[in-house]
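So the structure is just underneath, and the comments pick up after that.
Just so it is clear, the values below take in all heavy atoms, side chains as well, and ignore hydrogens, waters and symmetry mates. All ligand and atom numbering here is 1-based and tracks the order in the structure. As the structure is a computational prediction, the values presented were derived from the model and not from experiment.
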Amino acid sequence: MEKRKVIIDCDPGIDDSLAILLAINSPELEVLGLTITSGNVPAQLGAKNALKALQMCQRLDIPVYIGEELPLERELVTAQDTHGEDGVGENFYEDVDAKILYGGVDFIIDTLKNNKDVSIIALGPLTNIAKALMKDKKAFENLDEFVSMGGAFRIHGNCSPVAEFNYWVDPHGADYVYKNLPKKIHMVGLDVTRKIVLTPNIIEFINRLDKDMAKYITEITRFYIDFHWEQEGIIGCVINDPLAVAYFIDRSFFYRFLGEHPEN
Ligand code: RIB
Ligand code: CA
């Protein structure tokens with residue numbers, strides 16, 4: 001099976017970290033690199049968390065690039081109340097001994113210019129994507145597919161009645177991408193992602209499959225599950241970002257299990 005080449009732009013973050021685990025372990029994908037933007041945590045911290053997720057998959061060969069560290073216009077507001085001060089559930093892991101690169105926006109542009117079959121899965125604010133578009137819109141004509149976890153279609157937001165965090169952190173970036181990307185935007189919004197809750201039962205099932213991975217997932221989600229219990233009285237946690245990766249891999253899953261229809 002031909003692997004699909006993908007750049008994951010993200011703001012790790014607990015659910016971003018889970019999404020990275022899913023993408024790296026999916027035989028359908030070739031992850032060319034991770035580009036980091038500020039969102040859940042400042043990009044510097046997000047990059048360290050990305051390395052941790054790659055280390056868990058023994059894939060530190062995949063490059064991690066810091067991109068834009070501030071939204072286009074707004075002040076940065078992070079979500080460390082939800083993801084923990086360290087961005088991964090206050091485990092305060094030791095730094096992974098691997099290189100963090102800079103120039104995430106140029107990595108996106110150069111990769112698109114040099115390949116005709118690369119897709120982007122954006123799991124954070126769209127600042128890097130907007131900046132890359134501003135800098136070299138022509139490069140995006142080579143883009144295969146663009147999936148963005150963000151927004152909320154006809155349901156309430158998670159930052160205000162109408163605002164979802166990724167687009168709320170950098171509304172100017174989101175606006176620019178939605179107005180200028182020369183490709184269809186596959187938006188995986190809260191209307192879809194809130195239908196999927198990672199429960200202790202599922203974590204126990206993962207534990208039976210891979211104890212090391214389950215230990216890491218348990219560690220990074222504990223804080224997030226506590227947050228969901230306090231805020232919403234649910235036992236588990238809504239995991240937004242992995243769903244965007246799952247959609248990219250097999251969207252029939254959405255039509256079969258989530259009641260979504262292709263025309264949505
Ligand atoms: O609103 C949910 C989104 O915001 C997720 O991508 C989460 O990681 C945060 O970035
Ligand atoms: Ca995210």
Side-chain angles (χ1 to χ4, degrees), residues 6-23 31 34-50 52-53 64 66-71 74 76-90 104 120-130 146-171 173-174 177 185-198 217 220-221 223-225 227-228 231-232 234 236-248:
V6 65
I7 293 170
I8 297 179
D9 188 71
C10 51
D11 60 331
I14 293 167
D15 59 334
D16 301 73
S17 300
L18 299 176
I20 291 167
L21 298 184
L22 175 61
V31 178
L34 305 180
T35 51
I36 311 299
T37 187
S38 291
N40 288 320
V41 292
Q44 296 279 343
L45 197 44
K48 289 181 179 179
N49 295 334
K52 178 66 184 173
V64 173
I66 290 179
E68 293 298 307
E69 301 198 50
L70 293 175
R74 280 193 70 194
L76 175 62
V77 178
T78 68
Q80 286 162 285
D81 60 330
T82 311
H83 292 258
E85 273 310 301
D86 65 345
V88 279
E90 301 204 340
I120 294 175
I121 304 176
L123 305 176
L126 295 178
T127 317
N128 287 338
I129 312 304
F146 183 73
V147 176
S148 165
M149 191 280 131
F153 181 68
R154 294 183 184 158
I155 69 158
H156 64 82
N158 55 8
C159 288
S160 84
V162 294
E164 175 279 327
F165 180 79
N166 284 337
Y167 295 171
W168 176 80
V169 163
D170 190 352
V177 171
I185 296 177
H186 298 259
M187 186 188 100
V188 179
L190 294 177
D191 47 299
V192 177
T193 64
R194 288 184 62 81
K195 293 179 181 177
I196 298 287
V197 177
L198 177 64
I217 292 171
I220 69 172
T221 55
F223 185 95
Y224 201 38
I225 289 174
F227 177 86
H228 280 75
Q231 298 294 322
E232 304 190 40
I234 60 173
C237 53
V238 171
I239 48 166
N240 306 289
D241 294 335
L243 223 58
V245 173
Y247 171 86
F248 182 76

> How is the N/O/S atom of Asp241 that comes nearest to the Ca ion (ligand 2) named?
Replying inline: OD2
> Looking at the Ca ion (ligand 2), which N/O/S atom of Asp11 is the nearest one?
Replying inline: OD1
Side chains of [X] and [Y]: does their closest heavy-atom pair fall under 4.5 Å?
X	Y	answer
Ile155	Arg194	yes
Asn166	Met149	yes
Ile8	Phe248	no

>> Which heavy atom of Trp168 sits nearest to which heavy atom of Ala163, and what is that distance?
In response: CD1-CB, 3.6 Å
> Angle at the Ca ion (ligand 2) between OD1 of Asp16 and O of Leu123, to 10°?
Replying inline: 140°
> Is the closest N or O pair between Leu123 and ligand 1 shorter than 3.5 Å?
Replying inline: yes
> Is the closest N or O pair between His83 and ligand 1 shorter than 3.5 Å?
Replying inline: no
>> What protein heavy atom lies closest to atom 10 (O) of ligand 1? Include the residue and the distance to one decimal.
In response: Asn166 OD1, 2.7 Å
> So which protein heavy atom does atom 6 (O) of ligand 1 come closest to, and at what separation?
Replying inline: Asp241 OD1, 2.6 Å
Give the atoms of ligand 1, by number and element, whose distance to some non-hydrogen atom of [X] is under 4.0 Å.
X	result
Asn40	7 (C), 8 (O), 9 (C), 10 (O)
Asn240	2 (C)
Met149	2 (C), 3 (C), 5 (C), 6 (O)
Asp16	8 (O)
Asp15	5 (C), 6 (O), 7 (C), 8 (O)
Glu164	1 (O), 2 (C), 3 (C), 4 (O)

Hey, could you give me the [atom1]/[atom2] distance between [X] and [Y], rounded to the nearest 0.5 Å?
X	Y	atom1	atom2	result
Arg154	Asp191	CZ	CG	10.0 Å
Asp16	Ile239	CG	CD1	11.5 Å
Asn128	Cys10	CG	SG	9.5 Å
Asn240	Leu123	CG	CG	10.0 Å

> Which class fits the ring pair Tyr224 and Phe227: parallel under 30°, tilted 30 to 60°, perpendicular over 60°?
Replying inline: parallel
>> Please classify the Ile14 to ligand 1 contact at 4.0 Å (heavy-atom distances, strictly less than): side chain, backbone, both or neither.
In response: neither
